[in-house]
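Beneath this line is the structure, given in structure tokens, with notes to follow.
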Amino acid sequence: MHKDWYKIEGGKRLEGTAIISGAKNASVAIIPAAIMSGECCILENLPHIQDVSTLETILRQIGAEVDFTSGDCMRIDSTHITSTSVVSEEVAEMRASYYLLGALLARFHECDLALPGGCVIGKRPIDQHIKGMRALGAEIQVDEEHNILHARARKLVGTEIFFDMVSVGATINVMLAATMAEGTTVLSNVAKEPHVVDVANFLNMMGASVKGAGTDTIRIKGKPRLHGCGYSVIPDQIETGTFMIAAAATRGDVIIKNVIPTHMEAVSAKLMESGATVIEGDDGRDFYIHVIMKDKPRPVSIKTLVYPGFPTDLQQPMMAYLSTAAGVSTITETIFESRFNHVKELRRMGASISIRDNMYAKVKGVNSLHGADIYASDLRAGAALIIAGLMANGTTKVHNIEFIDRGYEYFDRKLMAIGASIERMHV
Ligand code: UD1
């Protein structure tokens, strides 16, 4: 099969203003959660990305009416859901479809779910999601032969759940299910990522009682019924970071708008440590972050951590940036067990990177990268390779860009608008 690819002429300094879209990771949870209302929800600031289109298709398959034709605004009417079985090809394709489990269990007490796909960056089990649903009273059976999970509950009853590890997906999924359970649920050792808070805010707008999102403990008082609402999704933390890193990587000068600067502290701190100027501001309409870089970056050490630590989703773009730093940087990946698939592609461009135990990377800065034919292995690896292409001398061809389409809205157009030479080649 022939697929689109990006052609990048590197070496251009990025300059100008980039506008950040709504958060992918919040959107892919809030869209399924909207069906819990049983009414109509209007969601604003949603990104036009593949994962959102896929969810649109899945919701239609189960009987929701979905309209996403007016800008960044989606109308979801879930009054007449006709099925709790989500087993189509589309479901298996995207990882975040697992949020349909929490949403359908909450409203209908049943769900059949094709086990999730998504980016291949390690084992990514969903045992904590299952543990949480079972604790709330659901019976869960996994049909491994057909890769389908069956969940049924006579009713869901609130309880205390301590997660074995901090998981964004499990925190949100179990939060969804507990929102309509009988009594109170207390979730401990939960994820504190901005999109966890955003989903909790959305649930509360639908009439739920969710408190403590953004801390280690979330307390949920179950409500038998929710209602429709309007809600605007937060800006994308990872897209913001990607543009911040791209600006620094091209020795650029970029103002990034529609951002929440407090979500970016770990990234700003590392960019500043590497020698970039990062200024946060408010122009009266929007918060913005202004990134200016004049010199070769200084090497830095990065360790990926749960929020508010350095996000794993920006580890790969950051590695591209550090590949031409003046010295040796170290990167420790603690969240996913196999998130270095981009390294061999960066090496093809002249980077000097060694890996130990699939967890530690030593990035020895080289003078410059050179253009090459490279292949994205997952969404954020794709972003890293685009940044490397923008930094490199000569022409880079980035393949497998369908991974990038999953999570970045108009990536090429936004980069072109600030001076990048990038062209989507259609085949
Ligand atoms: C979410 C984000 C993804 C980000 C990741 C970490 C979405 C749609 N995706 O993914 O962009 O990279 O958070 O910030 O929001 N784990 C288990 N058992 C479980 C669940 C998770 O062992 O039941 C492990 C995972 O394998 C991984 C770690 O916990 O090693 C963190 O995963 P998790 O936070 O759940 O990531 P996702 O929700 O998949």
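For the single chain, residues carry numbers from 1 onward in sequence order. Order of listing sets the numbers, starting from 1, for every ligand and every atom in it.
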Strictly distance-based, threshold 3.5 Å: is any side-chain N or O of T334 a donor or acceptor partner for the main-chain N or O of T304? yes
Quick one: which ligand 1 atoms are inside 4.0 Å of a heavy atom on I335? 27 (C), 28 (C), 30 (O), 31 (C)
Quick note on ligand 1: atoms under 4.0 Å from a heavy atom of I126 include exactly 19 (C), 23 (O)
Against heavy atoms of T312, which atoms of ligand 1 measure under 4.0 Å? 6 (C), 12 (O), 14 (O)
More than 12 heavy atoms of other residues, nucleotides or ligands under 6.0 Å from CD of E160: is that the case? no
Residues that R152 engages under side chain to side chain donor-acceptor pair (under 3.5 Å), provided they are two or more places apart: D112
Can you name the atoms of ligand 1, numbered from 1 with element, that are less than 4.0 Å from a heavy atom of Q128? 18 (N), 19 (C), 23 (O)
Closest non-hydrogen atom pair between L136 and G158, with its separation: CD2-CA, 4.2 Å
Does at least one non-hydrogen atom of R339 fall below 4.0 angstrom from an atom of ligand 1? yes
Using a strict 4.0 Å cut-off to heavy atoms of M165, name the atoms of ligand 1 that fall inside it. 16 (N), 17 (C), 18 (N), 22 (O), 29 (O)
For ligand 1, which atoms, with element, lie under 4.0 Å from some heavy atom of H129? 23 (O)
Ring centers of F411, F243 separated by less than 6.0 Å: yes
Give the numbers and elements of all ligand 1 atoms closer than 4.0 Å to a heavy atom of H195. 15 (O)
Proximity flag R380 to ligand 1, non-hydrogen atoms under 4.0 Å: no
Any idea which part of D313 is under 4.0 Å from ligand 1, heavy-atom wise: side chain, backbone, both or neither? side chain
I'd like to know if the side chain of E409 reaches the main chain of H48, judged simply by a donor and an acceptor atom lying under 3.5 Å from each other, with no hydrogens or angles considered. yes
Aromatic rings Y98 and H129: how do their planes relate, parallel, tilted or perpendicular, breaks at 30° and 60°? tilted
With respect to Y98, determine whether any N or O atom, backbone or side chain, lies less than 3.5 Å from an N or O atom of ligand 1. yes
Please, which pairs that meet salt bridge (charged side-chain N to carboxylate O under 4.0 Å, His left out) have at least one residue in residues 56-70, sequence neighbours excluded? E56-R60
With a cut-off of 4.0 Å, which atoms of ligand 1 are near a heavy atom of G169? 35 (O), 38 (O)
Using non-hydrogen atoms of the residue, decide whether F163 is closer than 4.0 angstrom to ligand 1. no
Return a yes/no value for V28: is any of its N or O atoms, backbone included, closer than 3.5 angstrom to an N or O of ligand 1? no
Please check this pair: side chain of N45 against backbone of V233, looking for a donor-acceptor N/O pair closer than 3.5 Å. yes
Work out whether the distance between some heavy atom of A170 and some atom of ligand 1 is less than 4.0 Å. no
Contact (N/O only, under 3.5 Å) between D127 and ligand 1: yes
Is the side chain of N204 donor-acceptor paired with the backbone N or O of V210 at a distance under 3.5 Å, no angle test? yes
